[in-house]
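A short worksheet on the structure shown next.
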Number of protein chains: 2
Amino acid sequence: MSTRSRSTHRVVGITEVARHAGVSPGTVSNVLNRPERVAEATRLRVESAIAELDYVRNSSGSSLRSGRSASVGLLVLDVTNPFFTEVARGVEDEAAESGLAVVLLNSAEAHERQQRNVRLLAEQRAAGAVVMPVDDDLSDLLWLNRQGTSWVALDRGDVAEDVGCSVSVDNHAGGMAAGRHLIGLGHERVTFLTGPFAIEQVRRRHEGLRAAFEEAGMDPGTAVRVVEQPLLNPAQGERAVDTILAGGPRQRPQAVFCANDQLALGVMKGLGQRGLRVPDDMSVVGYDNVDIADLVHPGLTTVAQPKYELGRAAMRLLDSELNEADHVHERVLFTPELVVRGSTAVYRP
Amino acid sequence: MSTRSRSTHRVVGITEVARHAGVSPGTVSNVLNRPERVAEATRLRVESAIAELDYVRNSSGSSLRSGRSASVGLLVLDVTNPFFTEVARGVEDEAAESGLAVVLLNSAEAHERQQRNVRLLAEQRAAGAVVMPVDDDLSDLLWLNRQGTSWVALDRGDVAEDVGCSVSVDNHAGGMAAGRHLIGLGHERVTFLTGPFAIEQVRRRHEGLRAAFEEAGMDPGTAVRVVEQPLLNPAQGERAVDTILAGGPRQRPQAVFCANDQLALGVMKGLGQRGLRVPDDMSVVGYDNVDIADLVHPGLTTVAQPKYELGRAAMRLLDSELNEADHVHERVLFTPELVVRGSTAVYRP
DNA sequence: CACCCGGATTGAAACGTGTCAATAACCTTC
DNA sequence: GAAGGTTATTGACACGTTTCAATCCGGGTG
């Protein structure tokens, strides 16, 4: 049976509430938005009318009138990656405190999808957005700015300060920390396994790694080899293992530094399948410190980012941009921290 | 410097486009929504006016007028869990094909947050929602129905068919498959590690496990012990290990079946820390088959759910409910599949 | 008592879109 | 060439909210 039982409950608006409470619509609106301007007695009367009629505000009406909606977008590189979901939690918690709804949009590492999502935000007249850009081409985001929707860049410290705020983690320092750790363990040939160099973050991590070798008086040109994969997921890491091992035992690197924990986990699996032991035959370092890094065996040595805090900070900045008239664009930089676990060990030839 | 450079670009609406193209606003609206009704020549004229003025539609206007917005909610139990993010991908892909935007809302396993999110959906006059209810109390969702927003239940086969559609996986069969596998390996004492029994899914998995023992002519009352934790995450799994091992080597179970891969991964870590080997000293079975299940060592034996397909199916059903006048509520049931990996082995006393 | 002041409330005018009955233009057919 | 039919376009109104100038009321002051 197809009982299309919509609207059993005639939809009630602000005007009906007003009639029911014996006041004007304007007063009801005031009760909802600036309760301090309305006298106690009438406020109570209106509130009980609201409860009695089961009135729920229509946000289309508000945002049409005010020109802006009360939701912010969170434009994420890949929902599947636990790193981002942790960031999302931070953004969400902070947004809830400001009474803003969060619309999570997934770019799936594809520029075309990012563009579609940006357009969506513009159509919704979103109050603002927290954005992790998919690559160096920021033209969509600048367009979004011109449409009146401002945004905070996440994990992209390189966006110009006149464009918007940014919150990021010092990727150079992270790469360097990983490098120093490996050098300290006696490693002299390291492969940097990465996603596309179009992503600014991974470029900086690479530079940091090289800087560590220079600092130690070694030539990064011979010590660091790069293997680049199209995406930053475990399957890509596993697939890259053959390339990493190419050249045989003499040429093979003594350690792999991955741009991402996801890649690192794939590498560990691939090495295991080929009979190589981590860390005895090869050390592996990841980046992000996702939850699972601590659950695999051996535990994954990795560069930890303050994921949740990153999200919170970004949303806080956005909030200030939206509400404070004298807002000045800001650049917040967190410092990453190396977490040493079992996947790295002293190199024993 | 605080150059608050909003609206460099005066905002343009449908009427301005109409003026620019020399037609009426109604025609512009038709070009946007039912292009087939408007003559080729004028359509092109309007389209070029749109491009020239860089017009972007204001969705508040549309949804105010039409009474419904073009976005659907996805109400998820816990964004952090990779199972849900995979479902989200399915929902998103399918929604994109129908031109619907997806608003991801996180209940964080808390009833109060679910309630807040449901309210938000009602205020936005969302077209519909895909919902994973936090517990057995569906009153918020029934209220949402009365407000005219219909929804599809995900992973909750027990919602009455006159309430809405549902898409789920046969949890009883899943529990049974895990049970048969363990029995086949010779295990006679199994602990079921679970989240709150308020969640219907885990109850059914438990029943399935017991049914497998009955089928084999064994008494589930003595063979199956239950350990219940408040949340379904790795930390809780790790914490539960002491409880599981209580009673010493003679009493201790030979295998642990977890309601969730997250719990299982925590258990594996906990066992490792206490010097117990998986699967030699204890077999572990998970549920969901998240990506990482295949990345840990040993690989986690688990009951696989068609996560992505689950999301797609739910969204497809919702779409039918929204568009087809003769829609009949449907109940889709997928069958789970046991994936055997290294974490289970024959019991050797 | 007249005056004024301040707080509480009102009324009407937008915001941008979709709808639909009404009109206009055009084509066919006798 | 007129009547009838089809297709394309128009205009005006309604959706639910917020805003703001205008009004109302009650009490304090001179």
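So you know, we letter chains A, B, ... as the sequences are listed, proteins then strands, and number each from 1.
- With contacts defined as side-chain heavy-atom distances shorter than 4.5 Å, the pair W151(B)/V130(B) does not qualify.
- A salt bridge links R312(A) with E97(A): the closest approach of a Lys/Arg side-chain nitrogen to an acidic carboxylate oxygen falls below 4.0 angstrom.
- What you find for A95(B) and M315(B) is that their closest heavy atoms are N-CG, 3.7 Å.
- Ion pairing between a basic and an acidic side chain is recognised when a charged N comes within 4.0 Å of a carboxylate O; R331(A) and D158(A) show no such pairing.
- Distance, N58(B) CG to dA14(C) P: 18 Å, rounded to whole Å.
- Put simply, CZ on R43(B) is 11 Å from P on dT9(D), counting in whole angstrom units.
- Contact detail for V12(A) and Y55(A): the closest heavy-atom pair is O-CD1, 3.4 Å.
- Along DNA chain D, the nucleotide nearest R45(B) and the nucleotide nearest S59(A) are compared for position; the residue whose nucleotide lies closer to the 5' end is R45(B).
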Identify each atom pair where a protein N or O and an N or O of nucleotides 18-20 of chain D are less than 3.5 Å apart, giving names and distance.
{"from": "dT18(D)", "atom 1": "OP1", "to": "N33(A)", "atom 2": "ND2", "distance (Å)": "3.0"}
{"from": "dT18(D)", "atom 1": "OP1", "to": "R57(A)", "atom 2": "NH2", "distance (Å)": "3.2"}
{"from": "dT18(D)", "atom 1": "OP2", "to": "S29(A)", "atom 2": "OG", "distance (Å)": "2.9"}
{"from": "dT18(D)", "atom 1": "OP2", "to": "N33(A)", "atom 2": "ND2", "distance (Å)": "3.2"}
{"from": "dT18(D)", "atom 1": "O2", "to": "R65(A)", "atom 2": "NH1", "distance (Å)": "2.5"}
{"from": "dT19(D)", "atom 1": "OP2", "to": "R34(A)", "atom 2": "NH1", "distance (Å)": "3.3"}
{"from": "dT19(D)", "atom 1": "O4'", "to": "R65(A)", "atom 2": "NH2", "distance (Å)": "3.3"}

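- Atom CD in Q147(A) sits about 13 Å away from atom P in dG16(C), given to the nearest Å.
- Residue T42(B) places at least one side-chain N or O closer than 4.0 Å to OP1 or OP2 of dT9(D).
- When the P atom of dT17(D) is taken as reference, atom CG of L64(B) falls 9 Å away, rounded to whole Å.
- A salt bridge links R113(A) with E92(B): the distance from a Lys NZ or Arg NE/NH1/NH2 to an Asp or Glu carboxylate oxygen falls below 4.0 Å.
- Recorded end-axis angle for the helix from dC1(C)-dG30(D) to dC30(C)-dG1(D) stands at 50°, based on five pairs per end and rounded to 10 degrees.
- Remark: S24(A) is not in phosphate contact with dG11(C), judged by side-chain N or O atoms under 4.0 Å from OP1 or OP2.
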Can you list the steps and then say if E94(A) with R89(A) is a salt bridge (charged side-chain N to carboxylate O under 4.0 Å, His left out)?
-> CA-CA 9 Å; E94(A) 186 75 26; R89(A) 268 190 49 231; over 6 Å; no

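- Rounded to whole angstrom, the span from the CD atom of E40(A) across to the P atom of dT9(C) amounts to 11 Å.
- Here dT17(C) is the nucleotide among dT10(D), dT17(D), dT17(C) with the atom lying nearest to any side-chain atom of T15(B).
- For the pair R156(B) and D136(B), the salt-bridge criterion is met [side-chain N within less than 4.0 Å of a carboxylate O].
- Whole-Å rounding puts the Y55(A) OH to dG16(D) P distance at 10 Å.
- The distance from atom CD1 of I50(B) to atom C1' of dG16(C) is 14 Å, rounded to the nearest whole Å.
- Atom pair E36(A):CD and dA8(C):C1' shows a separation of 13 Å (rounding to whole Å applied).
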Before giving the answer on salt bridge (charged side-chain N to carboxylate O under 4.0 Å, His left out), spell out for E40(B) and R43(B) the whole-Å C-alpha distance, their side-chain angles and the decisive distance to 0.1 Å.
-> CA-CA 5 Å; E40(B) 172 99 1; R43(B) 207 197 65 217; 3.7 Å; yes

